[in-house]
Novice: 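Mind looking over this structure? Questions follow.
By convention here, the first residue in the shown sequence is residue 1. What you see is a predicted model, and the numbers here were worked out from it, not measured in a lab.
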Amino acid sequence: MGYILDLRKIEGVGHRPLQMVAADVILFDAQGRVLLEKRTDDGTYCVPGGSMELGETPEEAAKRELFEETGLIAKELHFINVEAGEQCHFIYPNGDEVYAVDINYFCDSYEGTMKNQEGEVDGLKFYSVGELPVDLWERDRIIIENIWKERGLL
């Protein structure tokens, strides 16, 4: 989200909607549980991810965001899909509005020690089938449940 805030400093941008490119990581542990983060801005849950920086590839952005937000390092990413349109329209609590082109990856090969990113992440936890929080972003829920179905867990 830091990149969006920097763009807002440009004269005339204000809270006008912006188009952005983002990359997310749906990370699973050895038990098939999915890692979710609790956001500090609105208290909802989502998968780790965020805006691409200039010059980054989507894979680099996904790995960077995962590390920044969780302290975990993805060894290998697997492409899931690209989402855009109204399902990726967000209005943040501060009034910033974005339409994201969201590139999604899953990962089940990682290392590191889990830690919250101060200021953005209020908690990190692995969730099993049937445990997903009610206030999880719906588009993340759909992707997670589809992966669990493909793996015969749901």
Side-chain angles (χ1 to χ4, degrees), residues 1-28 33-74 76-108 110 114-127 131-151 154:
M1 171 105 161
Y3 184 66
I4 296 297
L5 295 177
D6 291 341
L7 286 175
R8 298 287 176 196
K9 294 177 184 174
I10 298 172
E11 186 175 333
V13 171
H15 293 297
R16 282 193 346 227
L18 297 176
Q19 181 80 47
M20 63 174 261
V21 180
D24 299 330
V25 179
I26 295 100
L27 187 129
F28 295 95
R33 300 176 303 173
V34 66
L35 180 65
L36 298 178
E37 61 183 49
K38 185 174 184 180
R39 300 172 58 89
T40 58
D41 61 356
D42 64 3
T44 61
Y45 291 83
C46 64
V47 299
S51 301
M52 287 179 57
E53 294 180 359
L54 293 175
E56 275 186 319
T57 67
E59 295 86 358
E60 289 168 343
K63 287 181 176 183
R64 177 186 49 76
E65 287 287 344
L66 178 68
F67 179 72
E68 287 176 0
E69 295 178 1
T70 71
L72 301 175
I73 301 166
E76 187 175 1
L77 294 176
H78 305 277
F79 175 77
I80 299 173
N81 67 359
V82 175
E83 297 178 314
E86 285 301 322
Q87 68 183 354
C88 294
H89 174 231
F90 301 103
I91 301 175
Y92 292 97
N94 67 358
D96 287 350
E97 186 173 359
V98 299
Y99 284 85
V101 175
D102 203 6
I103 303 164
N104 298 293
Y105 296 91
F106 79 84
C107 174
D108 51 17
Y110 61 92
M114 201 162 56
K115 63 179 169 115
N116 296 344
Q117 180 183 24
E118 194 170 317
E120 283 195 34
V121 179
D122 196 26
L124 295 166
K125 180 181 172 189
F126 282 96
Y127 291 85
E131 290 185 336
L132 295 178
V134 174
D135 50 354
L136 171 62
W137 287 9
E138 187 59 26
R139 47 181 287 287
D140 289 348
R141 179 184 307 279
I142 291 167
I143 294 171
I144 292 163
E145 289 178 349
N146 284 339
I147 293 171
W148 278 338
K149 284 177 189 171
E150 288 173 10
R151 294 180 173 190
L154 188 65

Novice: Does Val121 reach the side chain of Lys38, with side-chain heavy atoms less than 4.5 Å apart?
Specialist: no
Novice: Report yes if some heavy atom in the side chain of Asp140 is under 4.5 Å from a heavy atom in the side chain of Leu36; otherwise report no.
Specialist: no
Novice: Check Thr44 against Asp135 and note the closest heavy-atom contact, atom names and distance.
Specialist: CB-O, 3.4 Å
Novice: Looking only at non-hydrogen atoms, find the nearest pair between Met52 and Ala61 and report the distance.
Specialist: CG-CB, 3.5 Å
Novice: Mind listing the closest non-hydrogen atom pair of Gln19 and Tyr99 along with its distance?
Specialist: NE2-O, 3.1 Å
Novice: Please confirm whether the backbone N or O of Glu69 pairs with a side-chain atom of Glu120, one donor and one acceptor, at under 3.5 Å?
Specialist: no
Novice: Any side-chain to backbone donor/acceptor pair from Asp96 onto Tyr92? Under 3.5 Å, distance only.
Specialist: no
Novice: Over all heavy atoms of both residues, which pair between Ile73 and Leu66 is shortest? Give the atoms and the distance, please.
Specialist: C-CD2, 4.5 Å
Novice: Is there a side-chain contact between Leu27 and Asp108 in this structure, where contact means two heavy atoms from C-beta onward sitting under 4.5 Å apart?
Specialist: no
Novice: Which word best sums up how the rings of Tyr110 and Phe126 line up, parallel for under 30°, tilted for 30 to 60°, or perpendicular for over 60°?
Specialist: parallel
Novice: Taking Glu60 for the side chain and Thr57 for the main chain, is one N or O donor matched with an acceptor at less than 3.5 Å?
Specialist: yes
Novice: Hey, what do you get for CD1 (Ile80) to CD1 (Ile103), rounding to the nearest 0.5 Å?
Specialist: 12.0 Å
Novice: Heavy atoms only: give me the nearest Pro93-Asp41 pair and the separation to one decimal.
Specialist: CG-O, 3.3 Å
Novice: Side-chain contact, heavy-atom cut-off 4.5 Å: Ile143 with Asn81?
Specialist: yes
Novice: Hey, are the side chains of Trp137 and Arg39 touching, using non-hydrogen atoms and a 4.5 Å cut-off?
Specialist: yes
Novice: If you measure from CG on Asp122 to OG1 on Thr40, what distance do you get to the nearest 0.5 Å?
Specialist: 7.0 Å
Novice: Roughly how far, to the nearest 0.5 Å, is the CG atom of Leu72 from the CZ atom of Phe67?
Specialist: 9.0 Å
Novice: Could you give the distance from CG (Asn94) to CG (Asp42), rounded to the nearest 0.5 Å?
Specialist: 10.5 Å
Novice: Answer yes or no: is there a donor N or O on one side and an acceptor on the other, between the side chain of Thr70 and the main chain of Met114, under 3.5 Å?
Specialist: no
Novice: Looking only at heavy atoms, what is the nearest atom pair of Pro48 and Leu35, with distance?
Specialist: CD-O, 3.9 Å
Novice: Using a 4.5 Å cut-off on heavy atoms from C-beta on, say whether the side chain of Leu136 contacts that of Ile144.
Specialist: yes
Novice: Output all residues satisfying salt bridge (Lys or Arg N to Asp or Glu O under 4.0 Å) with Glu56, sequence neighbours left out; order by chain, then residue number.
Specialist: Arg64
Novice: If the threshold is 4.0 Å, N to carboxylate O, is there a salt bridge linking Glu138 and Arg141?
Specialist: yes
Novice: What I'd like to find out is whether the side chain of Trp148 reaches to under 4.5 Å of the side chain of Val34, using heavy atoms alone.
Specialist: yes
Novice: So, the side chain of Glu37 versus the backbone of Cys46: is there a donor-acceptor pair under 3.5 Å, distance only?
Specialist: no
Novice: Answer yes or no: is there a donor N or O on one side and an acceptor on the other, between the side chain of Asn104 and the main chain of Asp24, under 3.5 Å?
Specialist: no
Novice: Parallel, tilted or perpendicular: which one describes the rings of Tyr105 and Phe79, with boundaries at 30° and 60°?
Specialist: perpendicular
Novice: How long is the straight-line distance from CD of Glu68 back to CD of Glu118, given to the nearest 0.5 Å?
Specialist: 14.0 Å
Novice: Give a yes/no verdict on a cation-pi contact between Arg151 and Phe28, requiring under 6.0 Å between NZ or CZ and the six-membered ring centre and an angle within 45° of the axis.
Specialist: yes
